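The structure appears below as structure tokens.
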Amino acid sequence: MTSSAVPVPDPAAAPAPRLPSPLQELSDDRFGRRGLRLLLKRDDLIHPELTGNKWRKLVPNLRAAAGRTVVTFGGAYSNHLRATAAAGRLLGLPTVGVVRGQELAERPLNPSLARCAADGMRLHFVDRQTYRRKAEPATLATVLRTVGAADAFVVPEGGSNSLAVHGCTALGAELGDRADVVAVACGTGGTLAGLAAGLPQGGRALGIPVLKGGFLEASVRALQEEAFGARRGTWSLDDRFHFGGYARTTPRLDAFAEDFGARHGLPVERLYVAKMLYGLLTLAEEGAFARGTTIAAVVTGRPFPS
Ligand SMILES: *Cc1c(COP(=O)(O)O)cnc(C)c1O
């Protein structure tokens, strides 16, 4: 008999994920009357606590961490920080969140950071200048030393690295040829980079950036080059639907999201998903898609708090 080994938590096995995520057809006249089919790829249903594209991005990273402390970065309302904290709790890995904004240290935690803390994430607040320079080796080394995790496994802000991009190829593979165009909201672009690479020939990925600045084209290209050694798949960006930038909104966008949710019985996440759906509807109204096109919209997450 062999002695019993300590089981290594398997991030994929511990919380049973719902994969492939469901694909649902919506009946929405605004698309239907233009001869378009609209499908929702429900990545928000993958896991109750580790939702959406964050599951696809984080699981390969946590596997690679192999028990080491996971250190990552985010703003005061970061979906990525919450997902990392949840993953750490579910899998028994220590996590540290480096949060932008020294001043936050003196205030009560907002609901997002409170959730991170409740999931066992150690929060470390840094000033904006340090945060901006977090990828520089000297700054990073200082941060890791300060949090007492010199040998930590570091996941970049937003969780987009080569492992995450590879994890997101499964999204494209699951969709296969069920859709002609697949739309996804983009923060750092890691999900789009993997999705586009995973789609079969003839499939097209459309990214809707939720941040302002026009830097995403270069980011997605760099992520694909790092992950695959070259650009992969067919993808493009439409930069018109950021509504002023991250977490910015307008009464028009709010009304759209409210209405979409009511029509389809779907809670519409506002930071990303609402902007992507709004962009799709605008493009449909502009005649950007030929009649007979099947569009899949990736629901990358749920509202918080839900
Ligand atoms: C993080 C997130 C995204 C963006 O993913 P990237 O890979 O950074 O582009 C999209 N939607 C939701 C709901 C998210 O939480």
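Side chains are part of it too, since the values below use all heavy atoms of this structure and drop only hydrogens, waters and symmetry mates. First listed ligand is number 1; within each ligand, the first listed atom is number 1. Keep in mind that what you see is a predicted model, and the values were worked out from it rather than measured. We count residues from 1, following the sequence as given.
- Listed for the R122 side chain is a donor-acceptor partner under 3.5 Å among the backbone atoms of V147.
- Within the 3.5 Å criterion, the main-chain N or O of A164 finds a donor-acceptor partner in the side chain of N161.
- Only the side chain of K57 comes within contact range of ligand 1, with a heavy atom under 4.0 Å; no backbone atom does.
- Cation-pi geometry between R82 and F304 is satisfied (NZ or CZ under 6.0 Å from the ring centre, within 45° of the ring normal).
- Here E217 pairs with R231 in a salt bridge; the nearest charged N to carboxylate O distance falls below 4.0 Å.
- For E25, the CD atom is densely surrounded, since the number of other residues' heavy atoms within 6.0 Å is greater than 12.
- Residue contacts with ligand 1, taken as heavy atom pairs separated by less than 4.0 Å, do not involve V184 at all.
- Residue-level proximity to ligand 1 for T188 is carried by backbone and side chain together, each with a heavy atom below 4.0 angstrom.
- Nearest residue to atom 5 (O) of ligand 1 from V210, T51, N53 is N53 (criterion: closest heavy atom).
- Taking any N or O of G189, backbone or side chain, at least one lies under 3.5 Å from an N or O belonging to ligand 1.
- No donor-acceptor contact under 3.5 angstrom links the side chains of N53 and R56, judged on distance only.
- For atom 2 (C) of ligand 1, the closest non-hydrogen atom of the protein is K54 NZ, 2.4 Å.
- Residue T300 places at least one N or O, backbone or side chain, under 3.5 Å from an N or O of ligand 1.
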